[in-house]
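Along the sequence shown, residues are numbered consecutively beginning with 1. Just so you know, ligand 1 is whichever comes first in the structure, and atom 1 is the first atom listed for that ligand. Values below: all heavy atoms of this structure, side chains included; hydrogens, waters and symmetry mates excluded.
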Amino acid sequence: MGWGLTDPPQEEDGLALQEEAVPACKIEVPERLSVSYEALVRTGLSDRCVSVPPREASDAEILLVHSEEYLEGVKKTPHMTLEDLKEFTLQYGDVYFHPNIYHCAKLAAGSALQLVDSVMTGKVRNGMALVRPPGHHSMRSAASGFCVFNNVAIAARYAKQKHGAERVLIVDWDIHHGQGVQYCFEDDPSVLYFSWHRYERQKFWPNLRESDYDSVGKGSGAGFNVNVPWNEVGMENSDYLSVFCHVLLPVAYEFCPDLVLVCAGFDSAIGDPEGEMCATPDIFAHLTHLLMNLAGGKLCAVLEGGYNLTSLAQSVCQTVQTLLGDPLPQLANLRSPCESALESLQCVRSVQRRYWSILKHAADSATTDVSNKRIKLAKAEEEKAETAEDERSQEEKVWPEPAERLRPPVCSASVLPDDAACPDGLKRLVSSKDLGPLLVSRIRNRSMEDAGDADGVATFSRLYTLIEKMRTNEIGNGVALVPDVAAAVECVVQDLGSDLVSRVLVVCVGKEELNYATADGKMLVVQISGEDKEEQKGKYYIPVCLKKGCGDTVGFIQAVFGLLLPLGYEYDPGLVLLVRMPGSGVGDCMWQQLIGLLKGFAKGHTLVLMQTNDGACMGPTASALLGHPAPPLQELLTPLPDDGGALERMRERLQADWKMLQTTVSSGN
Ligand SMILES: CC(O)(O)CCCCCNCCCN
Ligand SMILES: [Zn+2]
């Protein structure tokens, strides 16, 4: 984790700054870095990081993005008189030049490059650069919005030129549109730029028409620019997660980047005076996590904005803690995405679907009358908002301190037949909690023939112990090899799981009759297989059929992001049971990606059940459970048209019950 603390201006700089002479920025202040870094120190997170030394970017590196004349101009600022400095500053928008900012801006850009070097050479897996001034607004020949050099744009070009990265994904979760990044790569198909931003139908800074969702890139870059405008303030965790699941992640997986750069601005968090959003700091734990299985885990987060010192420090800690692999916080009571977010979601998906096969079946854009009605509504809102505005600015936002995220003493455990080898890193569970006669008799009564004998019961008692130890967070996750996986599932969810956890998310890969009642909501079963199950067994049993079978990577990814993850976030389980049916046909890479992504639920408490004769994939399973990044999926092939359509139709049918599945404005209102 690289950080470039830049010193505040001192008297001895030879230029006593009379406050009244030079306007100073009130929100982009040095304390942003010091409170963030102090929080990392206080929480012990900085000790767990490798510290990457900052450095100044060279001229050549700055010229990867900026013009000579711009760089020459900025170079002169340290020696300018106050008058010249003011004049130089006034030619740009919302930026403050200080004699020391050229030095700071070179440190910010150079630190980002140091982080890219460390990640691309494998010295570290991922990291975060705590830098200022920020970068994503600065353009080839202009400073803008507190930004002088475009740190992340330079980092992307540098990663390609020096480290041979072919495709770079830039995710900009700052609440402002990084127009500088968009302009830099809008005709470049090797850099995919995704940005959400407060827009309010162009009423919010930088008030650009090209920040809207229909700016998709130009020429060969068409489709490689994805803008998600927020037309209202107050967006929450569910709005952010919906956009990740239904827009960014499917596209990012199809793009298959070699490196992920994050314009990590935290003014999109609650409490920020610029963003005025309501997403809580722990959302960044999940946004980071959802990106960490891309590019083999190579992720560089570079600080952009974030002006509420409390939510900034908390959000930085949430991000770094996820980069370190700690369990994720449970995101409780997610609501439905709001109407405005759904309208943006629908518009983005409808323009992007012609460029991304994974979005091919996205619904059409909001029909004109719907969007016209919404604009009328928005105008009405505006009148109301004027008054609300001053009320809102008075009310101080409050939010709970993010919950502790404790790393369990044992990361991963295994329950194996005695003759099976235990993969490195996994702790074999041998001690088995005495199940007591009642449970033993219930297990013996299972339809399974071999549960009756000793080792059948022994296996289940170890399973019980494993679930118990996950519940108490002594163990993070685990894998069990059992003789009959279908019976084991039944036993776990009926006998063992039910009294240990309140809600169990059962993810079943492969065909098998899973016949148990799921009506009461204590269990949500999502089964992904090649079997076409026409009947729908109610809200809590969701069979997803992939016509080409589970080996169809695109179909599988669509099912994971379009259905499984949104459902999982809404259901908020206490335990995830991932079942690999024999002969499922799912590929090892996809399997590892699935395990990695499912860690977002239940504080990472995932129990994998596999059939003893399926032990071949024990290696990839163990690797994913231990937190090693999943290898990138091969280039995603274009899906057979019917799969996507079927999934979209299923989503539409289910969204009445499951709000997080929505991607369109409800035509009703
Ligand atoms: C890195 C960053 O995106 O957070 C910078 C935001 C700059 C905001 C400028 N506000 C201008 C208000 C004009 N009336
Ligand atoms: Zn910002």
Side-chain angles (χ1 to χ4, degrees), residues 4 6 23-33 35-36 65 89-98 101 104-105 107-109 111-112 128-139 142-155 170-184 193-200 202-208 210-211 227-230 233 235 240 261-279 281 283-284 287 301-313 315-316 319 389 393:
T6 48
C25 184
K26 302 215 174 359
I27 54 173
E28 209 291 280
V29 294
E31 290 70 22
R32 294 180 58 231
L33 286 193
V35 301
S36 300
V65 166
T89 299
L90 289 179
Q91 66 185 316
Y92 304 118
D94 302 286
V95 68
Y96 301 79
F97 272 84
H98 173 278
I101 199 167
C104 296
L107 272 179
S111 302
M128 176 161 205
L130 282 181
V131 298
R132 58 183 285 267
H136 69 154
H137 297 300
S138 63
M139 294 158 269
S144 167
F146 314 155
C147 305
V148 177
F149 298 138
N150 200 316
N151 307 319
V152 169
I154 294 169
I170 299 177
V171 178
D172 189 336
W173 67 46
D174 184 287
I175 206 59
H176 297 92
H177 180 222
Q179 84 279 25
V181 184
Q182 172 167 312
Y183 297 153
C184 185
Y193 178 57
F194 167 91
S195 170
W196 62 37
H197 32 272
R198 183 177 171 181
Y199 188 58
E200 289 175 302
Q202 208 174 329
K203 294 228 171 341
F204 189 71
W205 190 90
N207 313 91
L208 298 171
E210 59 269 28
S211 301
N227 282 341
V228 180
W230 299 122
V233 292
M235 293 299 164
Y240 287 7
L261 299 178
V262 180
C263 286
F266 296 106
D267 40 16
S268 39
I270 189 168
D272 191 277
E274 284 283 314
E276 296 190 71
M277 297 297 171
C278 293
I283 194 63
F284 297 103
L287 300 184
V302 181
L303 182 68
E304 292 282 358
Y307 307 101
N308 175 308
L309 300 182
T310 307
S311 63
L312 169 64
S315 304
V316 165
T319 304
E389 177 62 39
S393 53

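At least one N/O-N/O distance between His176 and ligand 1 falls below 3.5 Å.
Listed for the Glu304 side chain is a donor-acceptor partner under 3.5 Å among the backbone atoms of Gly135. In terms of modelled atom types and a separation under 3.5 Å, the side chain of Ser138 and the main chain of Asn150 share a donor-acceptor contact. Between the side chain of Arg132 and the backbone N or O of Leu303 there is no donor-acceptor pair closer than 3.5 Å. Under a 3.5 Å cut-off, the side chain of Asp174 and the backbone N or O of Cys263 do not form any donor-acceptor pair. Within the 3.5 Å criterion, the main-chain N or O of Gly271 finds no donor-acceptor partner in the side chain of Tyr307. Judged by distance alone, with hydrogens and angles left aside, the side-chain atoms of Trp196 form a donor-acceptor pair with the main-chain N or O of Trp173 at under 3.5 Å. Under the 3.5 Å distance criterion, the side-chain polar atoms of Gln179 are left unmatched by any main-chain donor or acceptor of Pro206.
Atom SG of residue Cys278 and atom CG of residue Asp272 lie 11.5 Å apart, to the nearest 0.5 angstrom. Separating the OH atom in Tyr240 from the CG atom in Leu287 is a distance of 8.5 Å, to the nearest 0.5 Å.
No side-chain heavy atom of Phe146 sits under 4.5 Å from any side-chain heavy atom of His176.
Residue contacts with ligand 1, taken as heavy atom pairs separated by less than 4.0 Å, do not involve Ile175 at all.
Using a 4.0 angstrom heavy-atom cutoff, His136 counts as in contact with ligand 1.
Taking the six-membered ring for Trp and thresholds of 30 and 60 degrees, Phe266 and Phe284 have ring planes more than 60 degrees apart, a perpendicular arrangement.
With distances taken over non-hydrogen atoms, the option nearest atom 4 (O) of ligand 1 out of Phe266, Tyr307, Phe146 is Tyr307.
Using a 4.0 Å cut-off to heavy atoms of His137, the atoms of ligand 1 that qualify are 2 (C), 3 (O), 5 (C), 6 (C). The Asp267 neighbourhood of ligand 1 comprises atoms 4 (O), with distances under 4.0 Å to a heavy atom of that residue. Near Gly305, meaning under 4.0 Å from any of its heavy atoms, are these atoms of ligand 1: 1 (C), 4 (O). Atom numbering of ligand 1 starts at 1 in the shown order; those under 4.0 Å from a heavy atom of Pro134 are 1 (C). In summary, the atoms of ligand 1 found under 4.0 Å from a heavy atom of Asp174, numbered by their order in the structure, are 1 (C), 2 (C), 3 (O), 4 (O).
Each of His197, Gln182, Glu210 was evaluated against His177; a single residue qualifies, Gln182, per the side-chain hydrogen bond (donor to acceptor under 3.5 Å, both in side chains) test.
Remark: minimum distance from atom 10 (N) of ligand 1 to any protein heavy atom is reached at Glu274 OE1, 3.9 Å. Ranking protein heavy atoms by distance to atom 12 (C) of ligand 1, first place goes to Asp94 OD1, 3.9 Å.
Around the Zn ion (ligand 2), the protein atoms of type N, O or S that sit closer than 2.8 Å are Asp174 OD1, Asp174 OD2, His176 ND1, Asp267 OD2.
Distance check for atom 14 (N) of ligand 1: every protein heavy atom is found at 4.0 Å or beyond.
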